[in-house]
Each structure stands twice: as C-alpha cells, then as structure tokens.
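The structure's right below; bear with me while I get my questions together.
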Amino acid sequence: MEAEPNDNEGGRVTSNSGTDFIRELIQSDADHGPYGGRVQTRFPPEPNGFLHIGHAKSICLNFGVAAEHGGRTVLRFDDTNPETEDERYVAAIREDLAWLGFEPSEVVYASDYFDQLHRWAVQLIEQGLAYVDDQDAETISENRGGFTTPGVDSPWRDRSVDENRDLFERMTAGEFGEGQRVLRAKIDMNHENMQMRDPVMYRIRNQHHFRTGDSWVIYPTYDWAHGQSDAIEGTTHSLCTLEFDSHRPLYDWFHGALGLGDDRPRQTEFARLNLTHTVLSKRRLLQLVDDGHVDGWDDARMPTVRGLRRRGYPAQAIRDFCGHIGIARVNGTHEIELLESFVRRQHNATALRRMAVLDPLEVVITNWPDGQTDTREAINNPEDDTAGVREVPFSGRLFIERDDFMLDPPSKFFRLAPGREVRLRAGYFITCNDVETGPDGEVIRLICTYDPETAGGQAPDGRKVKATIHWVAAETALDVKVELYERLFTEALPGADGADPMASLNPDSRLTRTAKAEPALADIAPGEVVQFERLGYFARDLDDDPNTSPTRFHRTVGLRDEWANIQKRQG
RNA sequence: UGGCCCGUAGUUCAACUGGUUAGAACGUCGGACUUUGACUCCGGAUGUUGCAGGUUCGAGUCCUGCCGGGCCAGCCA
C-alpha cells in the first residue's frame with residue numbers, strides 16, 4: 001500500500017495517508033492473526049431509518065478494508081427490536097447501498113439467528129452464567145448503582161439452573177407479560193464498567209416482527225445479539241463507532257463464556273462522522289422531518305443518502321470524501337466545504353454546461369435586426385472534448401443576471417455597467433449605452449449595442465473585455481423552477497454548548513426562483529447534473545417527468561466565487 | 001462523582017513506531033492563465049504538537065501529574 005497522499009489518479013482519491021489504525025490492524029491480522037488470512041466485515045444497520053453520510057463513512061470503511069484483502073462484507077439488518085423496525089427501511093437501505101456503489105457478499109438479518117441465540121442463551125443458563133430476573137425495569141435500573149456506587153444483586157440472581165431454564169422457556173413460550181421478566185448475564189454487579197453489571201440479554205415484547213412474525217415474544221438486546229451474530233457469520237473485524245467502546249469487554253465476555261475459539265471476531269471502534277452546518281443523529285433527522293422543516297427524508301437539504309442524491313451529489317464524490325477524511329479515534333467535525341470540494345471536482349469533469357439566468361434583467365440590443373434570431377454554437381464541457389457542442393439561440397432581447405450589472409460599479413467590478421463592454425459567453429461583445437429605471441430608481445432594462453465583428457467571442461482588432469457573462473435569449477427561454485439551498489443550520493456546530501440545535505435552523509435554507517434557461521436544458525434527464533455557467537451545479541429533480549421539458553432543478557453546490565469573497569471582505 | 005477513550009495549522013488527517021527544518025488536503029491570501037471572477041498552475045501565511053515536569057545524545061512519539069473534550073448508570077442501537 002504505497003499510496004501517495006492525496007493521489008488523484010483516475011479520479012480516485014485516496015485517504016490522507018493511505019492507511020489508518022484499522023487498516024494497520026487488519027493488515028497485521030491478515031499476516032499473522034488467528035483468521036488464516038481471512039478478512040470479513042459487516043455493515044449492520046437497524047432497519048428503522050434511512051442511511052446518511054455518516055453511514056456512508058462506515059460503509060466505505062467496512063467494504064473498503066474487506067475488498068483490499070479480497071475479503072467479504074455482509075449486510076446484516078440488526079432487527080432485534082420490532083417496535084420501530086420495518087420492511088420499508090430494509091428496501092431503502094439496500095437501494096441506498098447499491099446507489100453508493102457497494103454490493104454485499106450476502107444479505108442477512110439478526111433475526112435469522114434467533115434460534116441459535118436462544119440455544120446459546122440456554123447454554124449460558126446451564127453454565128450458571130445467565131439468570132431470569134423478576135425485577136421490573138425501574139428496579140433493575142435503581143439496583144444497577146451509579147458510577148461511584150456499586151450495584152445491588154438481584155434477589156433472583158442465584159436461582160438454580162433448573163429454575164432459570166424453566167422460567168426462560170416459559171418466557172419464550174409467552175407465559176409472561178411485557179416487562180415482567182428478563183434474562184440477564186451473570187457477570188458482576190460491582191464492575192466499574194456499567195455495561196458489565198449483569199446486562200439484559202432478552203426482554204419480552206409482544207410485538208409483531210416484520211420477519212419472524214409472531215413466533216417470538218422475547219427479543220435479544222443489542223449486546224447479546226450483535227457479537228454472537230458477528231461470530232455466526234464469521235466476521236473477523238467488527239468495526240463500530242466510539243460509543244461502543246465500553247461495550248467491548250462485554251462483547252468479548254460473551255464470546256469467552258460461549259467458549260468460542262481464538263478466531264472469534266474482534267471489535268474495533270472508530271470516530272463517527274460529524275459535519276458542520278447539519279445534524280447527523282437519527283433523532284435530529286427525524287425531528288427535521290416530523291416538524292416539517294424539510295419535505296421528507298429525501299429532501300435535498302438532508303444529509304441522508306437519498307437527500308444527497310436528490311441534491312446531485314455523485315456517489316463517487318461521497319466515496320472520495322469518505323476515503324479522504326480517514327479513520328481515527330478522535331471525535332471531530334468535518335467542514336462541509338470539504339465534501340463540497342469533492343462534489344465540484346467530480347462535476348467539473350463531467351457535467352454539461354448550460355446557461356440559465358436566476359435573476360433576470362432585460363437587455364435590448366438596439367442594433368440587432370428586428371425580429372431576427374441567430375444561433376450561436378456553445379461548448380458543452382471545456383473539460384471534456386468528447387462532450388461536443390450545442391446551438392444556443394440569440395436575439396435582440398435577452399436576459400442577463402441582475403448581479404452582472406451595476407449602475408455605479410466599484411473598481412473591482414469587471415462586469416457590465418453604463419459605457420462598459422463585456423462578452424456574452426459564446427455570443428458577442430455588447431456595450432451598455434443606456435439604462436431604463438423604474439419609479440423607485442431600480443434598473444428595469446438595459447439598452448445595449450452588439451458588435452457583429454465579435455461573433456464567437458473574439459474582437460478582430462484584438463481589444464479585450466474584463467468579463468464574460470452568461471445570458472439567455474428572451475423569446476426562446478424556458479421557465480424552470482430552481483431551488484437554491486443555503487446551509488440547513490446557520491451555526492457550524494448546531495447545538496454546541498448545550499444549545500438547542502433547532503434554534504440555529506436556517507429559515508432561508510431553501511429559496512425558490514423561476515429561472516430563464518436556454519432551450520438545450522431540455523436535453524437534461526431527471527437526476528442528471530449540469531453546470532449553469534458561472535453559477536454552480538444543478539440537478540434536475542429525480543421525480544421530474546422525463547417526457548416533458550424540465551420543471552425543477554436543485555442547486556447541488558455553487559462554483560467557487562472570488563467576487564463573493566471580495567464583496568465579503570469589503571463588507 | 002468513578003471508569004474508559006482522546007488532545008498535532010482554521011478544519012480533518014500524516015509524520016516510516018525515539019532521529020535532521022512537523023507535512024498534506026480543504027479553507028485562506030497573493031500571482032499566472034482564462035470565452036465561467038470557474039477549472040488549472042505557481043507561491044505565501046497560519047503550529048509554544050493541550051500544559052508542566054521527567055527519561056534520553058535526541059521526545060509529537062516513552063513515563064508521571066495536571067488541564068480540556070468525548071463516552072458510559074435503556075428491557076434503544
């Protein structure tokens with residue numbers, strides 16, 4: 001693995017260093033670990049929500065490291081809690097995973113292992129390492145103790161093996177109500193690690209499970225199901241986020257108690273992804289949806305895979321980002337700008353160019369032959385010779401961007417102003433001779449002339465212009481709805497210092513405009529991303545009717561904008 | 001309050017496991033180029049490696065103590 005830092009060959013970007021502590025561990029295990037060179041990972045989502053960019057990091061890691069060693073990655077749905085889980089999430093997760101570009105070696109469910117888990121639970125009971133507790137949830141919680149106070153043994157902790165076995169079978173058979181009894185591991189109520197104070201293995205839930213139906217009324221907890229599922233599948237490296245660090249001793253304890261061999265799975269934790277100006281917790285995302293701050297899980301402002309997809313973020317850019325940010329044990333927050341830079345890099349190479357005007361200002365060309373329409377040829381993508389050219393209609397009445405004109409421009413402003421000449425991209429040079437203003441002094445129309453000698457954009461006399469601006473011919477313009485997005489949260493770290501994250505929700509995170517666009521925009525398919533010249537990348541809505549002219553675009557990300565920086569600096 | 005994890009440019013990560021002047025990306029600033037103020041190219045700035053001691057010829061790396069942040073007391077995952 002001699003990857004150069006930030007190697008961008010073939011459009012694939014490697015991580016900062018090309019390696020990380022997890023890859024080093026796996027390499028070492030592959031060389032002389034207990035797995036005989038085998039590497040197997042798993043991605044274990046709970047089917048109760050949609051995948052987001054944080055999951056993408058985990059997916060890239062799990063699938064990435066396995067692939068690097070010719071290993072396998074299992075997609076395992078962690079369906080141990082029928083309360084919130086549902087089939088529809090399974091479908092969505094599989095779809096998102098495929099869109100991200102990953103194919104699992106196998107698709108399984110923790111519920112596939114319910115029989116085995118149950119047999120193992122009985123085994124632990126017989127070994128005297130698990131017991132049925134009759135205490136209710138509140139009492140169990142009280143008796144668990146605190147960080148500085150030891151726990152109190154349950155009065156049912158020393159039941160006989162026979163009684164435990166009998167009670168557990170009756171739990172399984174549905175003789176008791178929810179919350180009446182649980183199965184607990186018998187470890188140490190005085191352990192300094194709270195996870196080891198006799199954790200619950202099974203609880204009673206009289207609920208219909210979307211896969212096992214009504215055949216079970218007891219369901220394994222995460223701690224009991226997860227590590228054992230890993231073991232059943234032959235996972236070698238169980239990679240999870242930092243908050244499970246304190247669960248690792250328990251993860252290992254179960255395997256040890258069951259007498260698993262040295263080739264049992266090992267858990268390694270890494271930092272979850274955080275991104276500025278957004279939230280990534282399931283709870284917060286749900287809140288955004290439920291409170292109607294966004295249209296749904298697939299709203300283009302959501303950091304969900306579906307949201308990013310609608311927004312026009314390419315899977316490749318997401319993968320490159322995940323590969324680049326690396327893996328560490330430090331809980332940090334990545335700047336969303338980094339993700340955006342990968343999105344731009346990708347689209348710059350591949351996106352077709354089109355012209356659209358978001359805030360139209362009318363331009364009348366006084367020396368243009370009345371009623372005549374000309375056709376200009378424009379390059380589809382200067383970064384890609386194979387993308388070809390297209391025809392753009394030109395006429396005596398045009399729209400340009402309101403921002404591209406100033407009545408009284410500062411010295412740094414290069415664009416159009418009274419008496420100034422600029423180039424219309426792929427068109428002609430035009431000069432502004434006069435300005436029509438409305439009652440409040442606002443500019444409503446520019447009176448210009450064009451230079452017929454500058455067709456194609458070059459002046460035969462060699463004179464230069466300081467700016468090239470985009471434009472659209474009025475008569476042939478398409479009206480399209482364009483969604484402009486700003487940060488979902490104004491604060492870089494919503495909820496920092498204990499604040500309510502929702503307090504920094506940006507009320508103007510979406511701005512809808514009706515843009516004037518050139519006719520060739522009709523060539524763009526739903527889901528496809530184009531560059532509106534000088535403005536940014538825009539994705540045609542996925543649900544737009546492919547048989548009609550485009551009606552809706554989402555701004556994926558703006559272009560880098562030096563002029564905006566200059567303005568910002570000068571206040 | 002106890003235990004565990006973690007502190008390296010603004011941000012995220014490197015630093016060949018104790019060895020020369022601590023690097024890169026994104027961001028930022030300046031310049032070149034330009035029919036996108038984009039892209040590309042060149043260059044600059046930003047570090048008391050959290051702090052204080054210690055070991056050593058030599059410490060970002062090892063040790064001790066502080067400080068700061070995160071996680072843990074669900075029958076959630």
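Letters A, B, ... are given to chains in the order of the sequence lines, protein chains preceding strands, and every chain is numbered from 1.
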ask   = Can you tell me if Thr235(A) uses its side chain to pair, donor with acceptor, with the backbone of Ala231(A) under 3.5 Å?
value =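 Side chain of Thr235(A) to backbone of Ala231(A): no pair is present.
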key: Closest nucleotide among A73(B), U36(B), G7(B) to the Val330(A) side chain   = G7(B)
inquiry  = Checking Glu377(A) now: which residues fulfil salt bridge (Lys or Arg N to Asp or Glu O under 4.0 Å) with it, not counting sequence neighbours?
reply    =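 Expected list: none.
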task = Check every strand shown and say whether Glu401(A) touches a base, only sugar-phosphate, or nothing at a heavy-atom separation below 4.0 Å.
result = nothing
task = Please work out if Glu335(A) contacts a base, only the sugar-phosphate, or nothing of the nucleic acid, heavy-atom cut-off 4.0 Å.
result = base
request  = Using a cut-off of strictly less than 4.0 Å, decide whether Arg569(A) has a side-chain nitrogen or oxygen near OP1 or OP2 of G30(B).
outcome  =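 Indeed, a polar side-chain atom of Arg569(A) lies that close.
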ask   = Does a salt bridge link Asp188(A) with Arg197(A), judged by any charged N lying under 4.0 Å from a carboxylate O?
value = no
query = Are the ring of Phe147(A) and the base ring of C72(B) both nearer than 5.5 Å at their centres and tilted by less than 30°?
reply = yes
inquiry  = Classify Glu269(A) by what it touches in the nucleic acid, base, sugar-phosphate, or nothing, heavy-atom distance under 4.0 Å.
reply    =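 Touches nothing.
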task = Scan Phe244(A) against the nucleic acid and name what it touches under 4.0 Å (heavy atoms): base, sugar-phosphate only, or nothing.
result = base
key: Short side-chain to backbone donor-acceptor contact, Lys186(A) and Tyr131(A), under 3.5 Å   =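 Not a single qualifying donor-acceptor pair exists.
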task = Counting Watson-Crick and G-U wobble pairs whose two distances are both under 3.5 Å, find the runs of 3 or more in a row that involve RNA chain B.
result = B:2-7 with B:67-72, B:10-13 with B:23-26, B:28-32 with B:40-44, B:50-54 with B:62-66
